[in-house]
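Structure, as structure tokens:
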Amino acid sequence: MGSRAAARLPKHIAIVMDGNGRWAKARGLPRQVGHRQGAENMRTIIQACLDLGIRYLTLYAFSTENWKRPSAEVDYLMSLPGQFYERERHLLHEHRIRVLIIGDVDGLPAATREVVLRMQEETKDYSALTLCLAFNYGGRAELARAAQILARKWQAGELASITEADVADALYTRGLPDPDLVIRCGNEMRISNFLLWQSAYAELYFSPKLWPDFSKRDLELAIEDFAKRDRRFGGVENV
Ligand code: IPE
Ligand code: IPE
Ligand code: MG
């Protein structure tokens, strides 16, 4: 990566890990094999973020809409956090990676819930890289939940008004910086209910690569593209 890119490194990268099914289909394999390969690729991208000095990485792994899929596929996806934990536990401790789960953990099958909570608890004191796993996550569900939290606080007389900061505090991502760069791979140009509030001013990057093929080089290309952008946040050009 050039020095200019290094100078304008995103602090928080969020990725929609899309394209596992098509990756498998192209090889005549069941979708599950694509999901397994996709889960393997998480290590490559986590390692790349460590190498590049990215402090926050959010990975969209299962959406609140993904329950619509056939039950065998859903069951397999629910087993992936456990497989990830077994395989990558060593990496998490060695590199002091904090895992944070964003999404409706209560809505997960017990075994999946236990493993994600254990991963979170075991790594809670680390901060070299914060790995946010969006699992059973939906941006609209998150905002509806925030509205409920705020309504309760309002009723209890704890709020005099509701500010943007109050909303941000009621989200799963409380305390995290907003993503600077949102990458979607898999050749689709949509957000699919990801970080609706948090990505208000994120730079968007779409990659044609299917997630299992998305490499460190592809991540660097996205970061290089990010570095060239002029982020105005509604203001005027940076001079
Ligand atoms: C992304 O890959 C993983 C999840 C959404 C769980 P897909 O399974 O959506 O793959 P495609 O989009 O069908 O290729
Ligand atoms: C988005 O991918 C969700 C995840 C990657 C976890 P989808 O494959 O579910 O999104 P759509 O259906 O193409 O919008
Ligand atoms: Mg998809």
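For ligands, and for the atoms within them, numbers begin at 1 and follow the listed sequence.
Here E188 does not reach the Mg ion (ligand 3): none of its N/O/S atoms is less than 2.8 Å from the metal.
Residue G19 places a heavy atom under 4.0 Å from ligand 1. Taking 4.0 Å as the cut-off, A61 counts as a neighbour of ligand 1 on heavy-atom distance.
With a heavy-atom cut-off of 4.0 Å, K25 does not touch ligand 1 at all. Residue-level proximity to ligand 2 for F62 is carried by the backbone, the only part with a heavy atom below 4.0 angstrom. Residue contacts with ligand 2, taken as heavy atom pairs separated by less than 4.0 Å, do not involve K68 at all. Contacts with ligand 2 closer than 4.0 Å are made by side-chain heavy atoms of R190 only, the backbone lying farther away. For E188, no heavy-atom contact with ligand 1 is shorter than 4.0 Å.
Nearest N/O/S atom of D18 with respect to the Mg ion (ligand 3) is recorded as OD1.
Taking only nitrogen or oxygen atoms, main chain and side chain alike, R69 reaches within less than 3.5 Å of ligand 2. The distance criterion of under 3.5 Å between nitrogen or oxygen atoms is not met by W23 with respect to ligand 1.
Ranking protein heavy atoms by distance to atom 14 (O) of ligand 2, first place goes to S192 OG, 2.6 Å. Closest to atom 9 (O) of ligand 2 among all protein heavy atoms lies N66 ND2, 2.9 Å. In this structure, the protein non-hydrogen atom closest to atom 3 (C) of ligand 2 is Y60 CE2, 3.7 Å. At the top of the distance list for atom 1 (C) of ligand 1, counting protein heavy atoms only, stands M17 O, 3.0 Å.
Salt bridge absent: R113 and D106 never bring a charged side-chain N and a carboxylate O closer than 4.0 Å.
The side-chain contact (heavy atoms from CB on, under 4.5 Å) test applied to T64 returns N136, A141, N193, not counting sequence neighbours.
When F194, F84, W67, Y137 are each tested for a ring pair (Phe, Tyr, Trp, His ring centres under 6.0 Å) with F62, only one passes: W67.
Within a 4.0 Å radius of atom 12 (O) of ligand 2, the protein contributes no non-hydrogen atoms.
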